[in-house]
Amino acid sequence: QVQLVESGGGSVQAGGSLRLSCTASGLTYSSYSMGWFRQAPGKEREGVAGIDTVGGSTDYADSVKGRFTISLDNAKNTLYLQMNSLKPEDTAMYYCAAASTRLWAWVLMERAYRYWGQGTQVTVSS
């Protein structure tokens, strides 16, 4: 059984930083992709950042490029999202997701992911 558990959310002022973590268990695929998604109230869920577990290639939404960094610690089975220079528009519930295969150019595509965490709230005040 696959489980993804996010942590690290919270409230921060604009310009601040947070690091989200996602601890994964039960993933037995030899290579696959993982990603971070977010959903703000009244909006659709959107892809923020994605990474291939083999090779480490990454992709980011234009809105977070240069501010967010996705990384993976395979030894700890943990996915991270370092968020710097946070803006009020970054306020959302953030979700960790894992696919059962490598997604390549589709790493930010929500429907390509099979497993999801419960989410962690990030609130950025101005």
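FYI, the numbering just counts along the sequence from 1.
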Participant: Using the side-chain hydrogen bond (donor to acceptor under 3.5 Å, both in side chains) criterion, which residues pair with E46? Sequence neighbours excluded.
Facilitator: R38
Participant: For a quick test of reading the model, state the closest non-hydrogen atom pair linking L108 to G50 and the distance between them.
Facilitator: CD2-N, 3.7 Å
Participant: Could you pull out the closest heavy-atom pair between P88 and S125, with the gap in Å?
Facilitator: CG-C, 4.5 Å
Participant: Is there a donor-acceptor pair under 3.5 Å between the side chain of T91 and the backbone N or O of V124?
Facilitator: yes
Participant: Less than 4.5 Å apart, side chain to side chain, heavy atoms only: is that true for T53 and I51?
Facilitator: no
Participant: Determine yes or no for a side-chain-to-main-chain donor-acceptor pair under 3.5 angstrom, with T123 supplying the side chain and S11 the backbone.
Facilitator: no
Participant: Can you name the residues that form a salt bridge (charged side-chain N to carboxylate O under 4.0 Å, His left out) with K65, not counting sequence neighbours?
Facilitator: D62
Participant: In terms of hydrophobic clusters joined by side-chain contacts under 4.5 Å, are L81 and V122 together?
Facilitator: yes
Participant: Any chance you could measure S126, atom OG, to Q13, atom CD, to the nearest 0.5 Å?
Facilitator: 9.0 Å
Participant: Would you name the heavy atoms of E6 and G119 that are closest together and state the gap between them?
Facilitator: OE1-N, 2.9 Å
Participant: Which distance, rounded to the nearest 0.5 Å, do you find between the CD of Q3 and the CG of L27?
Facilitator: 10.5 Å
Participant: What pairs of residues pass the ring pair (Phe, Tyr, Trp, His ring centres under 6.0 Å) test when at least one of them lies in residues 107-126, not counting sequence neighbours?
Facilitator: F37-Y113, F37-W116
Participant: When the side chains of residues 16-23 are checked against the rest of the protein, which donor-acceptor pairs come out under 3.5 Å, sequence neighbours left out?
Facilitator:
residue	atom	partner	partner atom	Å
S17	OG	N84	OD1	2.9

Participant: What disulfide bond (SG atoms under 2.5 Å apart) pairs are there with at least one residue in residues 47-80, not counting sequence neighbours?
Facilitator: none
Participant: Taking all non-hydrogen atoms of both residues, which atom of L79 and which atom of C96 are closest, and how far apart?
Facilitator: CD2-SG, 4.0 Å
Participant: Tell me the closest heavy-atom pair linking Q121 and A92, and the distance in Å.
Facilitator: NE2-O, 3.4 Å
Participant: What closest approach, in Å, do V54 and S31 show between heavy atoms, and which atom pair accounts for it?
Facilitator: CG2-CB, 3.5 Å
Participant: Considering only distance and modelled atom types, tabulate donor-acceptor pairs under 3.5 Å from the side chains of residues 70-77, sequence neighbours left out.
Facilitator:
residue	atom	partner	partner atom	Å
D73	OD1	A75	N	3.1
D73	OD1	K76	N	3.2

Participant: Do Y95 and M34 belong to the same hydrophobic cluster, where Ile, Leu, Val, Met, Phe, Trp and Tyr are linked whenever their side-chain heavy atoms lie under 4.5 Å apart, directly or via other members?
Facilitator: no
Participant: Do any pairs count as a salt bridge (Lys or Arg N to Asp or Glu O under 4.0 Å) and have a residue in residues 115-126, sequence neighbours left out, and if so which ones?
Facilitator: none
Participant: Do T69 side-chain atoms and Q82 backbone N/O form a donor-acceptor pair below 3.5 Å?
Facilitator: no
Participant: Please collect all ring pair (Phe, Tyr, Trp, His ring centres under 6.0 Å) contacts where either partner lies in residues 44-94, sequence neighbours excluded, each pair once.
Facilitator: none
Participant: Quick one: which residue pairs count as a disulfide bond (SG atoms under 2.5 Å apart) with a foot in residues 31-71, not counting sequence neighbours?
Facilitator: none
Participant: Measure the OG-CH2 distance between S33 and W106 for me, rounded to the nearest 0.5 Å.
Facilitator: 11.0 Å
Participant: Mind jotting down which residue pairs meet the salt bridge (Lys or Arg N to Asp or Glu O under 4.0 Å) criterion with at least one end in residues 100-124? Sequence neighbours excluded, please.
Facilitator: R45-E110, D52-R102
Participant: How about CD on E89, more than 12 heavy atoms from neighbouring residues, nucleotides or ligands closer than 6.0 Å, or not?
Facilitator: yes
Participant: Hydrophobic cluster membership, with links at side-chain heavy-atom distances under 4.5 Å among I/L/V/M/F/W/Y: are W36 and L103 in one?
Facilitator: no
